[in-house]
Amino acid sequence: LSVPYENTARLRAKLAKRYKIQGIPSLIVLNAEDGGGLITRMGRQQVLRDLNEAAYFPWKPRDVGDILRDVSIMNKADKRIDIAGGEKADGTVNKSGLRYVALFFGSRGSSASRVFTPLLKQLYPLVKAAHGDAAEFVYVGADATEAEYKTNTDSMPWARVPFQHDGVSTLMELFGGGVPSLATADLLTGEILNMNASDLAAAETDVDPANPDAPLTKTAFPWMRETLPAVASLVMSPAVLESIQTNHCIMLATNNAPNIDVLVAEVESAAKMIADATADIKKSLAEVRASQDAKLTGAKVEEDAPKEDSDSDIVDEDEDDDDSDSDMVEEGNSQAQSAEPQIVRTLKKSKCLVQFFISDHRDPNSLDLQKRITSVLKEELPVSGAIIFGFDLKHNKKYGILQKITAGDIVAYTKQFLLSLHDK
C-alpha cells in the first residue's frame, strides 16, 4: 500500500508530528484492531534485529522478564541463571529462579560509573543475604571494548549480560540508557519496580556522622519507588523528582493566596475525579485486551466480555471531542460532574498519567523547586494569586495558567493540557 503522491507532504508532516519521527527511514507499527493504536515507534530497529524469522512480529513491547530470558544472564561461574516467569513445558508459570533484579548500566570509561560501583559492592552482600538466589545485580555494559568490559566484570561479584549481546541495546532503550544508572524489576510479573533506583541505593551507603564506622546492616532492595498520592506536596524527594520528569503534571502554585485550604480542596476533588477515570479506563482496556486475546486463541469469550464493536468506544475518542475551543470553554464553565465525561474521553485517547502537585509558598524548599521547574520551561509565574500550571518536563513542554480554580475548571483545564501534548 502507499499514500497518493499528491497527499504525501501534508500527511508526512502530520504523521511526523504525531509519532515524533526524528529521521528516515522510520517504521511505525500500528494495530488496526484497536483503531490504529500504537504498537511501537521502533519498528526499524526491530526489523534489523529480527531479520531471520520475524519471530517477534508485530514487535509488541516486551516486558523486562521476557527480554532477559532471551539474553542469557551469566553468573560469576559463567553459567546461565534461571529466571522466574515464562511458561514451563507443562504450561504452568515458572515461579522458581531469579525474580528480583537490579540492572546496573555502566561503563569502564565513565568516571561516575567507577564511583558508583563500590557503593553497589557494599550493598550486594546485604541483598544476597536477604533474598538469596531470588535476587541478583546484573551488569549491562556499555563498554567500548571487550577488554574494558572484562576489567569491569572481573571486579564485580554479581552477574552480567554478555558483551555486546543484542539484548544490551534493547535494555538500554527500555530503561533510557543512562550511564551509570540502576533499575529494578520483578521478573516474575514483568513489572519495572523503579526506573531510577540509583539515588535510593546510594543513600543507603551514606555514612552516619554520629557513628562513621558502623557497618551497613539493612537494605530496602528492590528499592521500589514511592507511590505518591493523587495530590502531592511539591518538595525535594526522589519520588517527586522522578514524577516531575516522567509524568504530565498539574501544579497549584499558592502564591500568597489567602484561601489556600479551599483551593487545595478543589484540586483534590478534580484529582480524584481524574484518578477514578484513569482507573476505570485501565480496567476497560484490560477487558478489551482479554477479549481480543481470547478471539485470537480461539477461546470462548465470556458472556460479560465487551463485544468487538465496543473497542472503538474504549480506545478512540468520540469525533465530537475533536471540536473547537468554544466547547472547552463551555466545559470549563460547567460543574465538575458534567465535565467528567469529557476528561474520560480525553484520558482514553492519551492513555497517560497525570500527577497533581501543591507548591506551598510558605515552604522555601517547595518554592525553590517551583522556581527551578519554571526556569527550565522559561515561564514567569505571578508572585501573588493562586494559579494552576501544567507542565511536562520529559518533553520540555508547558501549558498556560488557570486562575479561576474550581474542580470543574481544573478538569476542563487538564483536558486542554492533555490535548496540547497529544495531537488530536
Can you see whether Tyr399 engages Glu379 through a side-chain donor-acceptor pair at a distance of less than 3.5 angstrom? no
Please tabulate, one pair per line, all N/O donor-acceptor pairs under 3.5 Å involving side-chain atoms of residues 210-221, not counting sequence neighbours.
residue, atom, partner, partner atom, Å
Thr219, OG1, Glu204, OE1, 2.7
Thr219, OG1, Phe221, N, 3.2

If you look only at pairs with a residue in residues 102-115, which of them pass as a side chain to side chain donor-acceptor pair (under 3.5 Å), with sequence neighbours excluded? none
Please tell me whether Tyr149 and Phe163 form a close aromatic pair, meaning their ring centres lie under 6.0 Å apart. yes
Tyr139-Trp158 aromatic ring centre distance below 6.0 Å: no
Could you work out, with side chain to side chain contact (heavy atoms under 4.5 Å, CB included) as the rule, every residue matching Pro229, not counting sequence neighbours? Ala232
Heavy-atom closest pair (Thr254 atom, Asp360 atom, distance to 0.1 Å) is OG1-CA, 3.6 Å
Can you name the nearest heavy-atom pair linking Ser359 to Gln370, along with the distance? OG-OE1, 2.5 Å
Can you confirm whether [X] is buried at [atom1], in the sense that more than 12 heavy atoms of other residues, nucleotides or ligands lie under 6.0 Å from that atom?
{"X": "Arg80", "atom1": "CZ", "result": "yes"}
{"X": "Lys272", "atom1": "NZ", "result": "no"}
{"X": "Gln122", "atom1": "CD", "result": "yes"}

Side chains of Phe391 and His248 in contact at under 4.5 Å (non-hydrogen atoms): no
Less than 4.0 Å between a side-chain N and a carboxylate O, is that true for Asp82 and Arg69? no
